[in-house]
Every structure is written in C-alpha cells, then in structure tokens.
Amino acid sequence: MLPLCIPNISGNEGKYLAECATSTFVSSVGPFVDRFEAETRDATGAAWAVATSAGTTALHAALHYLGVGPGDHVIVPSLTFIATANAVAHCHATPIILDVDRARWGLDAGLLDEVLTAQCSRDAHGTLRHATTGGEIKAVMPVYAMGLPADMDPIVEIARHYDLPVVADAAAAIGASYKGRPLADMGADLTALSFNGNKLITAGGGGAIISAGLAGGRELKHLTSTARVGNAYEHDVVGFNYRMTNLQAAVGVAQFERLNEFLDAKARIAQRYTHGFEDLPGVQPFPSVEDSSGSHWLSGIYLPDATTGDMAHLRKKLEENGIESRRFWKPVHMQEPYRNCPHLLNGNAASIWENVQPLPCSTQLNDAEQSHVIEAVKSALGRSR
Ligand SMILES: *Cc1c(COP(=O)(O)O)cnc(C)c1O
C-alpha cells in the first residue's frame, strides 16, 4: 500500500540517538535540546524558540501564558486538526468556531470581523464578551492549513483593533512564508509548531513555541519545564512538564539537516499533482496563492462539485490500486465535543471535508509511484462522471 505520508528517517537520526545513549543524556535536558531550539529559531526567523513535548502542548502552554482560563473564548477555524480546539478546552475555555476562506482554507477574516461585531460586545468594564455565553474573548488562533499561512494581515489588523493576541497554529508550516516574511514574523504574537511523525520534519513527537518579539521566551521555557526555581525543588507557579527530551531533539536535529531537501521534495510532488490533473474538469489542487508559499505538507485534490458517491468511488478505486485513501480533518464544529460551541459558518470547511482527497506525498515518493497515483485518480474519475 502506498502510504499517504510517512517520515523519512535516513539521515543522522540513528547516530545522534546513539550519542544520547552513550552520553546518558536521554531525558529533558541535553545538548540536542539546545541545538534543536537554535535550529527552530533560525529556520523560522524567530527571536527565541521553546521546544515542547508536542504541538498540542505548545498550543496549550501559549494560551495559558496569555491568560486564557475557565469560561473564556478563543476564536479558531473549523478546518483544523482537533488539537487546536483541544488546546482551548485544556484551558477550560470554549472555542468560537469560524469557517475558512476559499483561497487559503484559513480562518476567514470577514467572518472574524463579523463575529466580533455581531456576536460580541464590551461590558461596562470594557471587557469583550460573547453576547450569548457571556464568556470573555481572549485570543484569535488562525491555523496554517496544509502548511499554507492564513491571510494574516487582515486577521491581525482585526485582532489588534479588538486588543486580542494572536496565536498561530503553524503545526505543519515550517518553511512557509507570507508576503516575504518567515514563519515567526507573519503577525502572530506566538506561533506553535508540531514535530509529530506525520509533519514535514519530525522529532518522533514534539513541538515548539516561537515568536519574532523577545517577550515570552523565558516565561514559556519556565512554564513548560515545571516552573522550577533553582535546584532545590522549588516552583513559583503551577507549571507544566511539557519538555522535549534530548532523544526527541536528537531526531529533530538530524531532520533539520534535511529541511530544505524535504521542502523541495514536497514542492515538487505538489507541482507534479497540479500538472497531472490540470486537464481534469472539476478537479482542483490544494490551495496556492501569489503572496505566500506553503510547506506543501500535504498534497491532494479538491473536487468541489463531486457527490458523496463520487468521493466514495474515488476512495474505493484508490484502495484497489494499492493507494492509501484516508479522509482529511473532520471540521471542528461537527466533532462531538464541540458541537454546541458558538460558531459562524459559510460551508467551506464542510465542503472541503466532504470533497478533499489527500494523496501520497511522502518525501520518498518516486516519480513512478506518483504517476501510478495520477493514473489511478484519472481512471477513477473518468468512469464515475
Ligand atoms: C499536527 C497538528 C497539531 C498537533 O500537533 P501534535 O504534535 O500532534 O500535538 C495541531 N494543529 C495542527 C493544524 C496539526 O496539523
């Protein structure tokens, strides 16, 4: 079976892991953690980077640091991995779920403006609250879906107007740029990354919080490493044990050595799919826009007018041809824990969920394998329509 997206572990990972074992530095401090944070900083144009145990814990720590707490709201897009909403729930807060735009599949700036204007207002103390729930609006959390940045300039402008901090979920977007700016500098106050096994580069599992500004780096390192003061088991606040281990960082450092190679491979795969399907009516590639470049974390096709039957037929034919045909993110507003959250929708996330098919895009995918996928899609669609 041709897998959708598997890690490429063929560099120095084993060598660096052996160094960890020999040195006995296998746990939550060690030279690879420092190197990993430096690599993350350099690759994203950040002023600092704090490595964490996962992307989810990076998001949770960022929201906690910004003071998101019980009863509060954080605005998130519906088209995302569940971790975005879970990070809000882990703060005992509730997401307000907005739909995404057609161009980038990112948080829709028009809906952001609309929800803040029409569903929220300031109370007598000047606190911005949701009209129905009474919860305070604490932050806006755009997601860089498929590794392509959301339209950050308008999103950040609206957030600034309402004095709301912006936390970007850039889990799979390492290597992306927005209007010439690198990942840390797209306008968010804090940006979270994931180094899970299915991402562009992996640490086995892991995450990072980055920022272009100096504020927050020391505090977040402190908060995510048990808030320890000195060496005598003293802790000044309730911290989290969200540290990345030296073992994870060793894998991550080896992966950073190949970041550009992987980004090139992913871009090439995306381009070949785009080219391969350009004559197929009703078939669109994943979004690309003039002013930004994504990481091309995942590639695939979007068939906006296909029926449920068409999509089922496509998936069946892919499986018959030995091609993994998993579905993509089910929108957050349709997920059991988040069904009753405030939301404002335009149908895009639901349509993308119904009509998207991710296609194999591991960095190891060769031309013959990709041609096989393209032919399988063409023949499946040829017969079904
Ligand atoms: C992968 C991912 C996460 C979560 O990262 P983990 O490291 O798996 O916790 C969060 N958000 C998005 C958009 C992701 O793709």
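Note that the structure is predicted; figures quoted are calculated from it, not measured. Remember, it's 1-based here, ligands and their atoms both numbered in the order they're listed.
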Atom pairs and distances, side-chain donor-acceptor, residues 167-178, under 3.5 Å, sequence neighbours left out:
residue : atom : partner : partner atom : Å
D169    : OD1  : A171    : N            : 3.0
D169    : OD2  : T84     : OG1          : 2.8
S177    : OG   : S293    : OG           : 3.2
Y178    : OH   : D151    : OD1          : 2.7
Y178    : OH   : M152    : N            : 3.2
Y178    : OH   : D153    : N            : 2.8

Please round to the nearest 0.5 Å and tell me the distance separating atom CZ of R102 and atom CG of N348. 4.5 Å
For ligand 1, what N or O to protein N or O distances fall under 3.5 Å?
residue  : atom   : partner : partner atom : Å
ligand 1 : 5 (O)  : S194    : OG           : 3.2
ligand 1 : 7 (O)  : G55     : N            : 2.7
ligand 1 : 7 (O)  : S194    : OG           : 2.7
ligand 1 : 9 (O)  : G55     : N            : 3.3
ligand 1 : 9 (O)  : T56     : N            : 2.8
ligand 1 : 9 (O)  : T56     : OG1          : 2.5
ligand 1 : 11 (N) : D169    : OD1          : 3.2
ligand 1 : 11 (N) : D169    : OD2          : 2.7
ligand 1 : 15 (O) : K199    : NZ           : 3.4

Just distance, no hydrogens or angles: give the donor-acceptor pairs under 3.5 Å from side chains in residues 222-229, sequence neighbours left out.
residue : atom : partner : partner atom : Å
H222    : NE2  : D236    : OD1          : 2.6
H222    : NE2  : D236    : OD2          : 3.3
T224    : OG1  : L220    : O            : 2.7
T224    : OG1  : K221    : O            : 3.3
S225    : OG   : K221    : O            : 2.4
R228    : NE   : G230    : O            : 3.3

Are the side chain of Q370 and the backbone N or O of I269 linked by a donor-acceptor pair below 3.5 Å? yes
Side chains of S53 and M244: closer than 4.5 Å at any heavy-atom pair? no
For N231, what residues pass the side chain to side chain donor-acceptor pair (under 3.5 Å) criterion, not counting sequence neighbours? none
